[in-house]
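Before I ask anything, here is the structure I am working with.
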Amino acid sequence: MPEMVAWALLPTFGLTLVIFGFAPPFLLRLIVQMYPRDDPRRAELMAELRARPWRERPIWIAEQLETGLVEGLGHRLRERRRRRQEQQRRLLESKLSPSSLVPPDVEVVEISIRERSVRVEGHMRNNGTWVSAHYRRKSGPPAP
Amino acid sequence: MRMTHATIQVAHALMLQPNDRHWGYELSRQAGVRSGAMYPILGRMFDEGWLSDGWEDESETGGKRPPRRYYRITEDGLRELGAMLARAELDQRFATVLGGQRFATVLQGWLA
């Protein structure tokens, strides 16, 4: 009879071990991933778990999940949106006035690339520098 | 910073020992604020420059557990948290909060 009781208690013991032992640090490791990579809260929460009495850990983890979703994930999403908007703004800006383009010193430059003559013209229009390139075979008529 | 019951409770707990290091778990117990609400409050106070932080020394942990993060009140924090608590004293909404906190502090001192 006592043996049967012992076997019956085994799943309960296992479940207790999972809920209070294995699950809290494992879940917390997943939760802290919601925070940005350089956020000190990641290390802080991992260390704080050890300071909690084991009885309080499951509830504490549930609280951290809530905070992680609102604060960590929210922060990440806001940061991502901000970065994307910044990228789009830069792209638009570079289309309007290409800052990466170095305007030619002279207005017309003729260079030779692979037996083709390339004529580069720089001119100002709409507050930006525009470059047009015309090329032609050295021997043939100029290309359009 | 917006004055809420939880903010006042955390501010009060911090100002009980204004020159000491404050740890997350102990602070949440002292303030009676659940950690899910307390860490965001500490984060906002930190961003405002009212708190500075640091990490436990390895000699304190004994190398057996990861070092914990602690908070200290800055000069600005002393001024701002003091002013916040002074405003809360005059605000009827926080009468029960501060009354309860004072009672808890007296009780803790008495039990210790």
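No hydrogens, no waters, no symmetry mates; every other heavy atom, side chains included, goes into these values. Naming: A, B, ... by sequence-line order, numbering from 1 per chain. Just so it is clear, the structure is predicted and the values come from calculations on it, not from any experiment.
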**Study point:** Donor-acceptor pair, side chain of B:E56 and main chain of B:Y70, under 3.5 angstrom
**Key:**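 It does not hold such a pair.
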Check your understanding: Checking heavy atoms, do the side chain of A:A43, its backbone, both or neither come under 4.5 Å from chain B?
Key ->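 Both the backbone and the side chain of A:A43 come within 4.5 Å of chain B.
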Review point. Is it the backbone or the side chain of A:E44 that comes under 4.5 Å from a heavy atom of chain B, or both, or neither?
Key: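 Looking at A:E44, backbone and side chain both touch chain B.
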Check your understanding: If you measure from the Lys or Arg side-chain nitrogens to the Asp or Glu carboxylate oxygens, is any gap between A:R41 and A:D39 under 4.0 Å?
Key ->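 No salt bridge links A:R41 with A:D39.
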Review point. Should B:Y71 and B:Y25 be counted in the same cluster of Ile, Leu, Val, Met, Phe, Trp and Tyr side chains packed under 4.5 Å apart?
Key: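 B:Y71 and B:Y25: separate clusters.
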Review point. Run the side chain to side chain contact (heavy atoms under 4.5 Å, CB included) check on A:L28 and A:Q64 step by step: do they pass?
Key: CA-CA 8 Å; A:L28 190 62; A:Q64 296 320 309; 4.3 Å; yes
Review point. Checking A:L65 against chain B: side chain, backbone, both or neither under 4.5 Å from a heavy atom?
Key: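 Interface part for A:L65: neither.
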